[in-house]
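Here the structure is laid out as structure tokens; the discussion comes afterwards.
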Amino acid sequence: MRCLLAETTPMALRDHWRSYSSKVDLKKLRPMILKRIENRAKDYPVHGMIPVAQEVLKARELLFQGVSTLIKLFPVLACKFCPEVYIGEKGHLIQTCCGYKRIGKNRVHEWVHGGLKDILVPVEAFHLHNMFQGVIKHQQRFDFERVPAIVELCLQAGADLTDENLNSSTLGEFYGDVSGIESLSHDDLRVVANGTLRAWETLRSGVKKLLLVYPAKVCEYCSEVHVGPSGHRARLCGVFRYESWRGVHFWKKAKVDDLVPPKIVWRRRPHDPIVLLNEGRDYYGHAPAVVDLCSKAGAFIPAKYSCMMKLNGSAAPIRV
């Protein structure tokens with residue numbers, strides 16, 4: 001047999017021939033693997049990333065305070081049958097409703113009053129006792145608390161939730177001496193909007209830095225997020241079209257948008273009609289919901305959003 005292989009194998013590969021007939025005893029390797037994981041856990045949390053985690057928690061608190069203030073002055077509308085959100089007095093007429101179950105697709109949205117969760121989409125994850133603990137099984141899913149994914153990421157990075165930087169007294173650093181929504185002038189409103197937008201950018205940049213050091217997973221077929229080196233085994237994913245099916249998640253590396261969803265919305269420019277029409281959808285711009293909300297309050301928008309918002313784009317043609 002070896003002679004036959006020697007004759008049929010090219011000369012370039014004969015020198016690299018290896019035999020893999022020996023079996024590996026996994027029972028002997030298991031203690032070595034567990035020991036390596038235990039030694040790796042000693043390197044965490046990374047002390048240099050603790051200030052970043054504290055800054056992320058602080059920015060998250062400021063962001064929630066700012067958005068909660070602005071949505072009291074600028075109405076937020078949410079579709080009754082899909083996740084679409086619009087910031088304005090009247091909802092747009094763009095036919096992008098994906099429907100619910102058996103309702104037809106590409107329909108006009110049916111708008112209802114929205115709230116904070118429509119702007120800042122909640123993303124939760126299991127709270128681990130330590131970063132390198134055992135994988136959560138399906139039967140253990142109720143034994144672990146569900147917390148915001150950003151908070152779990154910061155806790156694993158060594159942040160302290162009781163730190164004084166998380167108190168509401170720190171709002172003055174971003175918002176100045178603004179107190180009471182009734183007393184907000186145009187200048188005060190702009191200060192709140194700029195502070196909220198600054199907190200949004202700080203939050204996303206901080207989460208991006210933390211994800212370079214601390215692993216996080218997201219399911220390929222749903223929005224489930226797990227903060228840790230390996231995903232959990234709770235069978236809560238609807239992989240197929242049947243909503244009653246619950247299977248295991250298929251994990252991949254998470255990105256910033258998975259933990260901090262931008263929630264892209266249609267944005268009305270000054271030269272657009274009061275109600276956005278379906279015929280001009282190719283001309284209208286988009287923006288993250290937080291950015292659009294802050295821009296309506298007079299915040300200075302970073303240049304990186306100009307292309308998405310189509311600030312210098314032409315208006316949709318008027319049909320007579």
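Below, each value reflects all heavy atoms present in this structure, side chains not excepted, and no hydrogens, waters or symmetry copies.
Between H286 and W266, the ring planes lie tilted relative to each other; the angle falls in the 30° to 60° range.
Between D258 and K255 there is no salt bridge, since none of the side-chain N atoms of the basic residue sits less than 4.0 Å from a carboxylate O of the acidic one. Using a cutoff of 4.0 Å between basic side-chain nitrogens and carboxylate oxygens, D257 and R204 are scored as salt-bridged.
The environment of CZ in R233 is sparse: at most 12 heavy-atom neighbours from other residues, nucleotides or ligands sit within 6.0 Å. Annotation for N312: atom CG does not count as buried by contact number, only 12 or fewer foreign heavy atoms lying within 6.0 Å. No more than 12 heavy atoms of other residues, nucleotides or ligands lie within 6.0 Å of CD1 in I274, so this atom counts as exposed by the packing criterion. More than 12 heavy atoms of other residues, nucleotides or ligands lie within 6.0 Å of NZ in K310, so this atom counts as buried by the packing criterion. Other residues, nucleotides and ligands place more than 12 heavy atoms under 6.0 Å from the NE2 atom of H271.
Side-chain atoms of E84 and H92 include a donor-acceptor pair closer than 3.5 Å.
The distance between the ring centers of H232 and H249 falls below 6.0 angstrom.
Atom NE2 of H109 sits about 4.5 Å away from atom SG of C82, to the nearest 0.5 Å. Taken from SG in C294 to CD in E201, the straight-line distance is 9.5 Å, to the nearest 0.5 Å. Taken from CH2 in W251 to CD in E224, the straight-line distance is 5.0 Å, to the nearest 0.5 Å.
In this structure, R141 fails the cation-pi test against F144, since its NZ or CZ atom is not both closer than 6.0 Å to the six-membered ring centre and inside 45 degrees of the ring normal. For R146 and F126, the positive end sits near the middle of the six-membered ring, less than 6.0 Å away and at most 45° from its axis.
Taken together through direct or relayed side-chain contacts under 4.5 Å among Ile, Leu, Val, Met, Phe, Trp and Tyr, V227 and V52 form part of one hydrophobic cluster.
A heavy-atom distance below 4.5 Å is found between the side chains of L116 and I71.
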